[in-house]
> 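Below are the structure tokens for one structure; questions will follow.
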Number of protein chains: 2
Amino acid sequence: MQLDERKRKILQAIIRNYLETGEPVGSRTISKYTDLNLSSATIRNEMSDLEEMGLIVQPHTSAGRIPSDKGYRLYVDTMLEEKEREITELKEMLLEKEEKTEQLLKQVAKVLAVNTNYATMITAPSTHRNKLKFLQLSRVDKHQILAVIVAEGNVIKNSMIRVREYLDDETLLKLNILLNTNLNGLCMEEINLGMIAAIKQKAGIHSDLIGEVLDAVAEAIKADEDLEIYTSGTNNIFRYPELADQQRASDLITTFEEKQLLGHLVEQSLEEKPETGIQVYIGDETRVQSMKDCSVVTATYELGEGMRGTIGIIGPKRMDYEKVVSTLKTLKHQLDDLYKK
Amino acid sequence: MQLDERKRKILQAIIRNYLETGEPVGSRTISKYTDLNLSSATIRNEMSDLEEMGLIVQPHTSAGRIPSDKGYRLYVDTMLEEKEREITELKEMLLEKEEKTEQLLKQVAKVLAVNTNYATMITAPSTHRNKLKFLQLSRVDKHQILAVIVAEGNVIKNSMIRVREYLDDETLLKLNILLNTNLNGLCMEEINLGMIAAIKQKAGIHSDLIGEVLDAVAEAIKADEDLEIYTSGTNNIFRYPELADQQRASDLITTFEEKQLLGHLVEQSLEEKPETGIQVYIGDETRVQSMKDCSVVTATYELGEGMRGTIGIIGPKRMDYEKVVSTLKTLKHQLDDLYKK
DNA sequence: TATTAGCACTCGTTTCTTTTGAGTGCTAAC
DNA sequence: GTTAGCACTCAAAAGAAACGAGTGCTAATA
């Protein structure tokens, strides 16, 4: 059986209606509120076909139809209408271009949650592809050296290194120069213990003490690789009865709190990255058990070369895909532009 | 009417039973499972008295009794039995004494939540009473100076300062010495713009450029004053039917996410600080609307002079106060000891 | 051949009624 | 002062009945 234009229209009408109401849609409703001018009986025949094709399902015998995951997929892939959709509050926020990226992102997540009525998440741009810009060791007291590492985009890391013996000013200065000349401009990912070993060799360093310090620096650069995820609007899940029952809600809340499952989702969307940078996961496509009744829309934004972060919107399967996708598209571009200026 | 020993015993029995089951307690239950050897009729008479005194209430005519807030208060104030209660996992964790206080605290919150089956929150020690230990300005590139500020307990702050003109090495070095000699050992709270102005004067600095840098340093020290609160085990609220209905759960989740309401609670307990450092808020005593059906037990710990943080456990009013209070007491001492070593 | 009116049937939802049982308060006896 | 006994209350559980949205199928229609 094939999907002719009429079937498409009916399917679209069913989905549109279901997205709004959340109730199974009957043939009579479609017959009345569509410009197809067909009786409910005809619609019933067509619906029967659509069901056979696996695009819609009946929750029980005497109920209307609701879209299946396959139906949603078809809808998302071929039936979305694009609209420019800006959230003016966001525009203003981005103009201010706060100093602290972290704060800005948290704010974005919050405003997005309030405006869409879905839960949102956002990750700061990952740093591992980021280039090292500046590195400094300073003595804080006799046995402690502070390593400060600055990367492109002014991402700053600190690490306290404990040394057994006093390290004199001269050695410290030498180390600073050595490290800066050898590591500057490299991206975090390229720097590792082996590389540091090579530097040691090249510089002819044999002192155990200095070796230890260098190792600690390498550790510091690698550390903290776990990307932080901020969430907002978690309570929005209670707006949708299909997510609000105790078991489901509890599981979802846990997922949001634990975050590392969300991390998988983020990584997934960073990898798959389609041309638009927007990705839609429906139900099981999220690969997260607790989200099997949810859909997630993610957008990948770039704040500079190799510094990619992800925004996600999490809602029920019957989320307003048109609104969410186009809002995210606009926001993504706004964020991308932020760096270019 | 006055509360004689028998009435106390009966009240205690009612509360103990209710804490366990969450069901209204009837006279028959008390008669059977107490060593008072009284018939249910006698218990009924006593219960009637207790109700008149406002210590217990009846949800409806033909139901058993449940403790009122006043009843809980009496119980918490006078009937708790102390036990040493350690969570061995915590002990091990604390022994490791992780480098990163923040990570450690998050872990503590999590373990505590898993072990008690309540929601938990924890704040890092506030820094404003904390003493400045080390301060350094370094040039990252032509127009950017990085200020690194280290306080007692190795609390590190960074701030990027944008300068319009190039600042030569010599000036930078001079500034570093000036700042360190003048500010070291002072606590963050004492340092402000006025103070910096005084230093400028004393040092005879008239350059606008240097003035700006100093102001930025003062700003950096003050900034970030908002205390961060970490929560864990939010989903535990679903274990208690009296909190798990949609409206209440949604409100609570929001409170945990927004956090600033929790902040009030934290400040409150920092101020009121009783001898033990443990504080119990029952129902409305929390002063937070969404927590009117909850109780909160807080503990104030000290990681050094003036560096006080707070741990909180949030559960239903019928939480296991004995367990929670004594667990927190033990944990508090463990944390307090952590610094002394 | 495609569409539609008509109708019997299904089944979740709502509403109302009945039953059950835990628990009380009161009274009279111990 | 304590207790047995009993009538009474009321939420919750169980059952029964009515409702109605929606379907599938058949036969008539264009």
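So that the names make sense, note that chain A is the first sequence line, chain B the second, and so on, each numbered from 1.
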> Whole-Å distance between D/dC25 P and A/Met47 CE?
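Value for this atom pair: 15 Å.
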> Between C1' on D/dT23 and CG on A/Leu50, what's the gap in Å once rounded to a whole number?
15 Å
> Answer yes or no: side-chain N or O of A/Ser62 and base N or O of C/dT10 forming a donor-acceptor pair under 3.5 Å.
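Checked by distance alone, the answer is yes.
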> Please work out if B/Ser27 contacts a base, only the sugar-phosphate, or nothing of the nucleic acid, heavy-atom cut-off 4.0 Å.
sugar-phosphate
> Is any side-chain N or O of A/Arg65 closer than 4.0 Å to OP1 or OP2 of D/dG24?
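Affirmative; the distance criterion is met.
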> Can you establish whether the number of heavy atoms outside A/Glu20 located under 6.0 Å from its atom CD is more than 12?
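Atom CD in A/Glu20 is not crowded, with 12 or fewer foreign heavy atoms closer than 6.0 Å.
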> Is there a donor-acceptor pair under 3.5 Å between the side chain of A/Thr254 and the backbone N or O of A/Ser250?
yes
> Is the distance from OP1 or OP2 of C/dT3 to the nearest side-chain N or O of A/Ser39 less than 4.0 Å?
no
> Would you kindly give the CZ-to-C1' distance between A/Arg44 and C/dA2, to the nearest whole Å?
16 Å
> Between D/dG22 and A/Arg28, counting only base atoms on the nucleotide and side-chain atoms on the residue, is there a donor-acceptor pair under 3.5 Å?
no
> Categorize A/Thr61 for me: base, sugar-phosphate, or nothing, with a 4.0 angstrom heavy-atom threshold over every strand shown.
sugar-phosphate
> Around B/Lys317, counting heavy atoms of other residues, nucleotides and ligands shown, do more than 12 lie under 6.0 Å from its NZ?
yes
> Please determine if A/Arg8 and A/Glu46 form a salt bridge, counting it only when a charged side-chain N lies under 4.0 Å from a carboxylate O.
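So A/Arg8 does not pair with A/Glu46 through a salt bridge.
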> Which is more 5' along DNA chain D, the nucleotide nearest B/His60 or the one nearest B/Ser40? Just name the residue.
B/Ser40
> In whole Å, I'd like the distance from the OH atom of B/Tyr18 to the P atom of C/dG23.
14 Å
